[in-house]
Amino acid sequence: MQNTGTRSPATTPTHCPYCALQCGMNLTPVGGGTVEVSERADFPVNRGALCGKGRTAAQVLAPGVRLTSPLVRSQGGALVPAGWDEALDRIAGSLGRTRARYGADALGVFGGGGLTNEKAYALGKFARVVLGTSQIDYNGRFCMSSAAAAGTRAFGLDRGLPFPLEDVPRTGCVILVGSNPAETMPPSLRYFTELRENGGTLVVVDPRRTRTAEQADLHLAPRPGTDLALALGLLHLVVAEGRVDEAYVEERTSGWEEARAAAMAHWPEHVERITGVSVPELREAVRLFCAPEAAMVLTARGPEQQAKGTDTVGAWINLCLATGRAGRPLSGYGCLTGQGNGQGGREHGQKADQLPGYRRLTDPAARRHVAEVWGVDPDALPGPGRSAYELLDALGSDVRSLLVMGSNPVVSAPRAAHVEERLRSLDFLAVCDVVLSETARLADVVLPVTQWAEETGTTTNLEGRVLLRRRAVTPPEGVRGDLEVLHALAGRLGVEKGFPVDPEEVFEELRRASAGGPADYSGIDYRRLAREDGVFWPCPAPPPHGGPALRAAVTPPPAAGDTAPRADTAPRPDTAAPGAEDAAAPYPGAPTPAAGGTAPHPGTPRLFLDRFATPDGRARFVPVAHRPSAEEPDEEYPVLLTTGRVVAQYQSGAQTRRVAELNAAAPGPFVELHPRLAARLGAAEGDPLAVVSRRGRAVAPARITTGIRPDTVFMPFHWPGEGRANTLTNPALDPDSRMPEFKVCAVRVEAVPR
Ligand SMILES: Nc1nc2c(c(=O)[nH]1)N[C@H]1C(S)=C(S)[C@@H](COP(=O)(O)OP(=O)(O)OC[C@H]3O[C@@H](n4cnc5c(=O)[nH]c(N)nc54)[C@H](O)[C@@H]3O)O[C@H]1N2
Ligand SMILES: Nc1nc2c(c(=O)[nH]1)N[C@H]1C(S)=C(S)[C@@H](COP(=O)(O)OP(=O)(O)OC[C@H]3O[C@@H](n4cnc5c(=O)[nH]c(N)nc54)[C@H](O)[C@@H]3O)O[C@H]1N2
Ligand code: SF4
Ligand SMILES: [Mo]
């Protein structure tokens with residue numbers, strides 16, 4: 001329950017716009033357009049703590065910083081202010097013409113994991129129902145998609161953390177793999193310090209001695225791209241040292257023999273040669289992980305953003321399964337998602353292969369269910385489209401027009417110079433953003449939208465906790481919400497109904513669309529979210545599900561006509577409530593609502609305690625073997641480049657590069673390198689270095705530290721221009737998740753004469 005305590009009446013409790021922790025904060029307008037951010041101690045995830053980005057987030061609400069008028073490309077080629085009607089007419093007219101000429105799949109949509117659940121849901125529906133295109137994906141593909149693929153493969157269900165963060169300090173050991181929460185989620189560091197205060201141990205796996213690694217009992221610094229071998233080496237030792245939990249493996253898993261055989265092929269000495277982590281260090285990690293009764297493995301982008309990210313996460317999951325550390329109290333595998341709605345953003349249909357409720361677009365039952373909620377013919381729903389990088393790569397050829405909502409790929413996509421060139425080759429680009437991002441600068445039309453604090457909506461944090469972000473301030477003149485944009489474009493494209501502008505109305509429809517799916521939100525509503533500290537999905541509605549009150553909210557199908565693509569012509573009778581299976585637990589073994597059927601479902605903070613979400617209830621081992629990165633160093637490109645984040649900037653920097661305090665703390669890109677490599681190059685601290693890969697060249701000052709492997713350089717990716725890390729990165733994709741290999745490519749480093 002929220003303790004609103006002594007808050008002033010003008011103060012609104014809400015959540016940070018940025019990362020997946022979704023810290024609670026209070027916002028108070030204090031006049032003159034200024035909004036004050038203050039501590040909100042009652043929210044359990046951050047208990048009042050905020051990082052610098054959160055503390056300064058309200059500065060981006062100021063009219064001088066953000067967009068307040070639509071912009072259209074003039075005859076002379078400049079972006080000039082325009083009215084909303086003109087801007088919307090241009091977008092709808094252009095999309096309609098492209099579709100008439102080239103077909104619906106010539107229209108692309110690129111969404112974002114920062115969008116609320118309501119926006120992500122409406123965007124996916126807009127693409128499939130209004131545009132009729134299969135070509136939609138989003139930046140979350142660049143984020144946690146490998147963990148999602150591996151989690152689904154092993155457990156039958158993907159939710160970032162299968163337990164709340166509050167469990168972390170109470171387990172015995174945590175292995176943090178390629179995760180730097182000291183910089184990427186500072187308030188969460190407390191969970192790891194408390195773990196150690198409670199006698200637990202922390203193992204950090206990172207090629208760099210990060211601020212997080214400095215807190216660890218054991219820091220393993222593998223060569224970038226070798227986590228798969230590392231995890232296999234640990235599993236090998238688990239077997240060799242007789243630490244397999246045979247009873248658990250027998251009772252709760254399948255596929256152990258094959259996975260065991262694969263691990264046995266990875267001798268510790270062999271793993272040491274691949275990873276650079278010594279055999280004694282491997283043994284120590286196994287000892288720390290296996291000694292206590294409970295333990296966890298948490299991964300983030302380090303092992304996931306690899307062309308073998310899915311198998312890599314699979315290898316860490318195998319380690320958990322062999323030792324009985326999944327689906328038991330205070331034990332398990334989890335992925336720390338990244339963006340504000342990194343979790344919910346992947347559940348409700350902006351991903352190329354998914355429908356709301358985390359349903360698969362290729363599943364006929366899922367298509368029937370969602371088509372019914374949308375009032376369209378299931379056969380009219382397009383199939384799966386291209387993944388994010390493949391979509392960007394197809395711009396200007398197969399895909400001629402693009403709508404971007406909530407991403408800045410000019411800075412954040414791999415092989416960014418190529419992506420920028422593809423964006424420029426489009427017939428038409430429309431961007432909805434709060435600021436004039438590098439991607440918006442290339443657009444034919446830019447729509448200025450309202451921000452987090454100016455609108456209500458839900459997000460789902462890294463724990464699977466669905467939260468209510470409340471509107472706290474009035475938006476400036478001239479901006480409109482993303483939902484209003486979709487409503488207006490749908491109307492102009494002939495779909496008058498089904499795109500409400502009220503987020504609660506959208507959420508009510510999302511509930512029904514998600515009902516019975518893996519990510520079932522049907523038991524959650526705004527009233528409940530306003531009372532509770534969030535509700536963990538799955539949270540099915542109590543049976544009898546979908547009684548008259550809920551069903552009455554079904555949005556009528558869009559009127560048919562040649563501009564209403566693929567919509568069912570005959571309004572569907574609002575047939576019987578969904579079958580009994582919809583009212584049942586969202587997956588076999590999930591907690592069901594109390595008998596009697598009227599008590600609200602409490603939500604599911606902890607998954608898999610009784611069984612996994614697979615058909616037989618067993619977690620699946622997957623036999624995986626190490627393989628090299630898509631690009632290994634050679635004579636021409638002898639050094640490994642890895643990329644990531646610094647505490648004071650967020651993502652492409654579109655928002656945080658507009659805050660003076662953050663720029664002072666992190667003014668620009670840099671190349672982190674070891675003194676030995678620096679000496680070889682004759683480079684001193686601050687000297688400009690050129691980093692050259694097969695895709696391009698970037699220049700940034702040297703930052704010399706013994707905290708990085710001598711064979712590796714690191715660049716943060718938050719800046720455009722000369723120091724853009726993504727000019728260099730390799731778009732080699734994971735075969736399962738289609739994740740690009742942001743975390744490893746081969747480069748050459750050269751001193752640049754000043
Ligand atoms: N300040 C800040 N916070 C953020 C964000 C931000 O942009 N800025 N973004 C948010 C988002 S969307 C995300 S996804 C999260 C990301 O959160 P993190 O995953 O914690 O962030 P990264 O810096 O991308 O990567 C983590 C670590 O992986 C290491 N690493 C690099 N290569 C490898 C490798 O091959 N193996 C291993 N094991 N480790 C490797 C890097 O050295 C780095 O320290 O942060 C969220 N929070
Ligand atoms: N080299 C390298 N590249 C990476 C990564 C890496 O580790 N290394 N990490 C990858 C990861 S994990 C991620 S998540 C991506 C993120 O990369 P991006 O997708 O570029 O992320 P953001 O900078 O958050 O972009 C969000 C954009 O949407 C705008 N925006 C914010 N809120 C809203 C809203 O409500 N509506 C609308 N319409 N717009 C909004 C912001 O102003 C911003 O321009 O980068 C990836 N790129
Ligand atoms: S940790 Fe994340 S959610 Fe919390 S204040 Fe910082 S950016 Fe915002
Ligand atoms: Mo991310």
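What you are looking at is a predicted structure, and each value in this text was computed from that prediction instead of being measured. When a ligand or atom number is given, it counts from 1 through the structure's own listing order.
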Legend entry - Protein N/O/S atoms closer than 2.8 Å to atom 8 (Fe) of ligand 3: Cys16 SG
Legend entry - Cation-pi check, Arg325 onto Phe289 ring (under 6.0 Å, within 45° of axis): yes
Legend entry - Salt bridge flag under 4.0 Å for residues Glu454 and Arg469: no
Legend entry - Exceeds 12 heavy-atom contacts within 6.0 angstrom, atom CZ of Arg703: no
Inset, instruction - Please answer whether the main-chain N or O of Ala388 pairs with a side-chain N or O of Asp137 as donor and acceptor at a distance below 3.5 Å. - result: yes
Legend entry - From CA spacing to verdict: side-chain contact (heavy atoms from CB on, under 4.5 Å), Gln22, Phe43: CA-CA 10 Å; Gln22 284 297 283; Phe43 184 63; 5.6 Å; no
Inset, instruction - Let me know which protein residues bring a heavy atom to under 4.0 Å of ligand 1; chain then number is fine for ordering. - result: Cys19, Lys53, Cys143, Val177, Gly178, Ser179, Asn180, Glu183, Thr184, Val205, Asp206, Pro207, Arg208, Thr210, Pro224, Gly225, Asp227, Ala300, Arg301, Gly302, Gln306, Gly338, Gln339, Thr642, Gly644, Arg645, Val646, Val647, Gln649, Tyr650, Gln651, His718, Lys743
Inset, instruction - For side-chain contact (heavy atoms from CB on, under 4.5 Å), just list the numbers for Asn26 and Val37, CA-CA rounded to whole Å, side-chain angles, deciding distance to a tenth of an Å, and then say yes or no. - result: CA-CA 6 Å; Asn26 285 325; Val37 176; over 6 Å; no
Legend entry - Value rounded to 0.5 Å, distance of CD1 in Ile274 from CG in Asp227: 12.0 Å
Legend entry - side chain to side chain donor-acceptor pair (under 3.5 Å) between Asp158 and Thr152, worked out: CA-CA 5 Å; Asp158 151 52; Thr152 305; 5.0 Å; no
Inset, instruction - In sequence, state the C-alpha distance, the side-chain angles, and the governing distance for Gln306 and Asp311, and then conclude on side chain to side chain donor-acceptor pair (under 3.5 Å). - result: CA-CA 10 Å; Gln306 300 183 15; Asp311 282 355; over 6 Å; no
